[in-house]
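Encoded as structure tokens, the structure appears first; notes follow it.
Letters A, B, ... are given to chains in the order of the sequence lines, protein chains preceding strands, and every chain is numbered from 1. These figures come from a predicted structure and were not determined experimentally.
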2 protein chains.
Amino acid sequence: MLVRTNALTRRSIDGPLATLAGDQVACSEFRYRRGAEVFGEGEPAEYAYQVISGAIRTYKLLSDGRRQINSFHLPGDIFGLENGRAHRFSADAVVETEVRITRRHSLVDVMKRRETETNLVDLVTRNLQHAENHMLLLGRKTALEKVAAFLLEMDERLAHPNVMVLPMGRRDIADYLGLTLETVSRALSSLRDEHMLRFDGQTQREVVLLDRIRLAELDS
Amino acid sequence: MLVRTNALTRRSIDGPLATLAGDQVACSEFRYRRGAEVFGEGEPAEYAYQVISGAIRTYKLLSDGRRQINSFHLPGDIFGLENGRAHRFSADAVVETEVRITRRHSLVDVMKRRETETNLVDLVTRNLQHAENHMLLLGRKTALEKVAAFLLEMDERLAHPNVMVLPMGRRDIADYLGLTLETVSRALSSLRDEHMLRFDGQTQREVVLLDRIRLAELDS
DNA sequence: CGCCCCTTTGAAGCATATCAAACCGCGTGG
DNA sequence: CCACGCGGTTTGATATGCTTCAAAGGGGCG
């Protein structure tokens, strides 16, 4: 499948991938047909990619098929460079597309050599990962799904306390979720009525999650 | 303003910031009152921050005051670590909040020493930056604003061609913008009717931007 | 020529926003 | 101690922007 190439066959687009890879690692080129999948979410991340011509979309899917495209990758762009072992999103060709490919290992090894125990790339990448998840939420989830996702995110980040004390008000939650505060309030009331959560104390900021499983189901 | 501290006064939360900084750089602690601004979008990024207690929100604002919160930063979280000179978003305290602060320079210098000319952090960070802008779009912009922003993004990335040939169809644009394809189509028709763009050829994929200024105004 | 995909356009429905009012706990000052 | 005011939240009624459902146009390709 992979078309081997060498320095002499390189095209005019020599971006960071080529620079990074330099002559230390092998680059190959490959051509994808319109709609062809480059990689799927959850698949092992073996390669890093640079678009030579055409366009790639990277996206996430909800279980019901709704899709959120994170980015379009155009000629010169690098994508698919993951810190973990698996791709966090899917990628496929919008049109007939040429890409340059290099084994992820090569890059990661170069990276590892240059950085020590505490990895700054990891740090930024975690932020990126959060942003990607959030884009999916903002672009494609309903109010109820958003609020459920928010509660579960906070629950997890607060290490699943019995009583979750939210430091932020309804307005802040609303702005985080791309909703109005009234809609957030209604969603919370609805979840309370459905016995998925309960308010503790008098402030409405102390929440007890009663059914994390059903909340997670709501979160698609 | 900054409260100097040393290793002896450090609290129990010693996350990556402390590790990164180690004993190489000075850490200070500071306390923000509820609602106090830690930094504003566009301000010079002089420090990196780690939350000790409380909560910080980072967000962007549209000119009419609509706000999109990107993240809530809870104890242990690091934020405000920028690659460029300026903050890409604002940060302020949701509640009374303690943060540990270190000069950005210290970290950046450590980083620079460890990495060479081609900076992987830059790479990931650019993606993050895009994601942040996109969250604002998804959470807070109207259909017309989204489509205008999309056109301007593509225009810029394609180096302002006279005729912009979009590689993707309406469905792809819609999924990128968190809309339906019909809404994208209606928005484009509306922009055409308002003489902000014109379709070239017969495919409706070749767009000529006639009034980038008004488009940019739409994009808030 | 005819089919298929993409796009546009129209009509109706619906989820969420907007507008409005009441409630509630809390802090403050009388 | 209570009255009051105030910010935050809930709830209700209405409005609306976007989606959904539907159909027709238009171009490319077999």
Side-chain angles (χ1 to χ4, degrees), chain A residues 33-35 62 64-68 94-96 137-148 150-151 165-194 197-207 218 220, chain B residues 33-35 55 57 62 64-68 94-96 137-148 150-151 165-194 197-207 218 220:
Chain A
R33 289 194 308 281
R34 203 172 90 96
L62 296 179
D64 65 356
R66 281 174 294 170
R67 179 177 63 157
Q68 175 61 44
V94 179
V95 292
E96 173 101 5
L137 176 148
L138 291 169
R140 287 303 185 213
K141 292 187 182 177
T142 66
L144 211 55
E145 290 167 346
K146 286 176 176 181
V147 172
F150 169 79
L151 291 169
V165 182
L166 300 174
M168 72 291 291
R170 299 291 186 262
R171 152 94 48 182
D172 282 335
I173 298 173
D175 280 353
Y176 185 56
L177 299 177
L179 297 170
T180 61
L181 67 91
E182 294 95 329
T183 298
V184 171
S185 177
R186 277 185 248 270
L188 287 170
S189 297
S190 159
L191 293 173
R192 167 177 41 69
D193 296 347
E194 297 279 349
L197 61 82
R198 175 165 67 72
F199 291 120
D200 217 59
Q202 307 300 347
T203 66
Q204 318 302 92
R205 299 255 185 131
E206 300 172 37
V207 177
L218 270 188
S220 291
Chain B
R33 289 194 308 281
R34 202 172 91 96
R57 59 183 170 237
L62 296 179
D64 65 355
R66 281 173 294 169
R67 178 178 62 159
Q68 176 61 43
V94 178
V95 293
E96 174 100 6
L137 177 149
L138 291 169
R140 286 302 183 215
K141 292 186 182 177
T142 67
L144 210 56
E145 290 167 346
K146 286 176 176 180
V147 171
F150 169 78
L151 291 169
V165 181
L166 299 173
M168 72 290 292
R170 299 292 185 261
R171 152 98 41 190
D172 282 335
I173 299 173
D175 279 353
Y176 185 56
L177 299 177
L179 298 170
T180 61
L181 66 91
E182 293 95 329
T183 299
V184 171
S185 177
R186 277 185 249 269
L188 287 170
S189 295
S190 159
L191 294 172
R192 167 176 42 68
D193 296 348
E194 297 277 350
L197 61 81
R198 175 165 65 74
F199 291 119
D200 217 59
Q202 307 300 347
T203 65
Q204 318 301 95
R205 298 254 186 131
E206 299 172 39
V207 177
L218 270 187
S220 291

Q.
For a quick check, with a 4.0 angstrom heavy-atom cut-off, what is the B/S/- contact string for nucleotides 2-13 of chain C, read 5' to 3'?
A. ----SSBBBB--
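- Comparing A:Leu144 and A:Gln202 against DNA chain C, the residue whose closest nucleotide sits nearer the 5' end is A:Leu144.
- Rounded to an integer number of Å, the gap from CG of A:Leu191 to P of D:dT11 is 13 Å.
- At whole-Å resolution of the value, CG in B:Leu177 and P in D:dG17 are 18 Å apart.
- Atom CG in A:Leu179 sits about 18 Å away from atom P in D:dG17, given to the nearest Å.
- The residue A:Gly178 sits close only to the backbone: its heavy atoms come under 4.0 Å of sugar-phosphate atoms, none of a base.
- Using modelled atom types, one finds no donor on one side chain facing an acceptor on the other under 3.5 Å when comparing A:Arg186 with A:Ser189.
- The CG atom of B:Asp175 sits 4.5 Å away from the CZ atom of A:Arg140 when rounded to the nearest 0.5 Å.
- Nearest heavy-atom pair, A:Ile173 versus A:Val184, reported as atom, atom and distance to 0.1 Å: CG2-CG1, 3.8 Å.
- Looking only at side-chain heavy atoms (C-beta outward), B:Leu191 and B:Leu218 come within less than 4.5 Å of each other.
- The separation between B:Lys141 atom NZ and D:dC18 atom C1' is 18 Å, rounded to whole Å.
- With a 4.5 Å cut-off on side-chain heavy atoms, B:Arg33 and B:Glu96 count as touching.
- Across the protein-nucleic acid pair, A:Asp193 atom CG and D:dG12 atom P stand 10 Å apart, rounded to whole Å.
- Shortest non-hydrogen contact noted between B:Pro167 and A:Val95 is O-CG1, 3.3 Å.
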